[in-house]
Amino acid sequence: MKNVAVIGAGTMGNGIAHTFAQSGFKVQLIDMSEASLKKGMDTISKNLDRMVAKEAITEAQKQETLNNITTFTDVTEGVEYASLVVEAATENIDLKLKIFKQLDKDCPDDTILATNTSSISITQIAAATSRPSMVIGMHFMNPVPIMKLVEIIRGYNTSDEVTKIIMDMSKSLGKIPVEVNDYPGFVANRILMPMLNESIETLYNGVAGVEEIDTVMKLGMAHPMGPLQLADFIGLDICLSILNVMYEGFKNPKYAPCPLLVNMVRAGKLGVKSGEGFYDYSQSKKAEKVAKQFLK
């Protein structure tokens, strides 16, 4: 299994493509947008340059990694010879179901279909195909080339054989795979998102300010970044989407998103990617300046 197609050239998709290519896999990076593909490849190249500068890899290894990636705007053409497809499109159930129906039609019969979804049911996605035993979750963490964890999520019908193949493949990437079962949010986001949501509630209720909340969690709990900064980094729209999936899946009010989070997403204040969330990123991508609306 040395031929891998990745659907989506965004933050997660280009990171997944980078990781597979650096490990010697031939990667077909697929996105409907030529501009997204160019941006994705530019990101991979810059990340590899950083690794060269740190002497983690050589210039020759960088070029080999880039040579292992071919870009496509046509899904049918891109997945023609894939042994594995990893879907890393937007966290939207309707879009994912549409993609998997097409993959099921276009891919060889023995192709394993994986999704990088962070919360959506693998069983539901698999049901859109005629090969549910060959559909599995591979939830990589951001930034993909650096983070070691991969959540491997078995759907209701995912076979033992496919699970073992993907667990072993993840190890070959230098990752540490952890097998989990298919429930909303899996493990990582089922635990993380309520914490981020409670941090937003704490701000919403006026208990403390943005910097104060983040400082308490960094210094008191040894978190590498504060929860509000992390929410901005993930994207507030993504956080809201995952919380909604868990709220719908469990019907438990503890997963209900904070009204402040809902309003910020409606207003387009999505965090780093929009230039403003809990912090202002207009001058720097670092969380150095609290957004104007949260200044005391």
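Bear in mind that the values here come from a model prediction, so they are computed numbers and not experimental data. Note: hydrogens, waters and symmetry copies are ignored here, and every other heavy atom, side chains too, is used.
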Partners of Arg190 by salt bridge (Lys or Arg N to Asp or Glu O under 4.0 Å), sequence neighbours excluded?
-> none
Between atom CG of Leu236 and atom CD1 of Ile238, what is the distance when rounded to the nearest 0.5 Å?
-> 10.0 Å
Is the closest basic N to carboxylate O distance between Arg154 and Asp182 below 4.0 Å?
-> no
Under-4.0 Å salt bridge between Lys38 and Asp42 = yes
Might you work through the salt bridge (Lys or Arg N to Asp or Glu O under 4.0 Å) test for Asp160 and Lys164, ending with a clear yes or no?
-> CA-CA 6 Å; Asp160 291 341; Lys164 184 179 187 309; over 6 Å; no
Is there a donor-acceptor contact under 3.5 Å linking the side chains of Lys26 and Asn3?
-> no
Less than 4.5 Å apart, any side-chain heavy atom of Leu103 and any of Val79?
-> yes
Mind jotting down which residue pairs meet the ring-ring contact (aromatic ring centres under 6.0 Å, His included) criterion with at least one end in residues 6-56? Sequence neighbours excluded, please.
-> Phe20-Phe25
By ring-ring contact (aromatic ring centres under 6.0 Å, His included), Tyr247 pairs with (sequence neighbours left out) none
By salt bridge (Lys or Arg N to Asp or Glu O under 4.0 Å), Lys285 pairs with (sequence neighbours left out) none
Would you tell me whether Asn157 and Ser133 have side-chain atoms, one donor and one acceptor, within less than 3.5 Å of each other?
-> no
For residues Thr163 and Ile165, determine if any side-chain heavy atom of one lies less than 4.5 Å from a side-chain heavy atom of the other.
-> no
For Tyr281, which residues count as a ring-ring contact (aromatic ring centres under 6.0 Å, His included) partner, sequence neighbours excluded?
-> none
Does any donor atom in the side chain of Glu276 or Ser282 lie under 3.5 Å from an acceptor atom in the other side chain?
-> no
Residue list, ring-ring contact (aromatic ring centres under 6.0 Å, His included) with Tyr204, at least two apart or on another chain = none
Do the side-chain N and O atoms of Asp104 and Ser130 include a donor-acceptor pair separated by under 3.5 angstrom?
-> yes
Where the side chain of Ser172 meets the backbone of Met169, is there a donor-acceptor pair that is under 3.5 Å apart?
-> yes
Would Asn189 and Ser119 count as a side-chain hydrogen bond (donor to acceptor under 3.5 Å, both in side chains) if you check the C-alpha gap in whole Å, the side-chain angles of each, and the deciding distance to 0.1 Å?
-> CA-CA 7 Å; Asn189 281 316; Ser119 61; over 6 Å; no
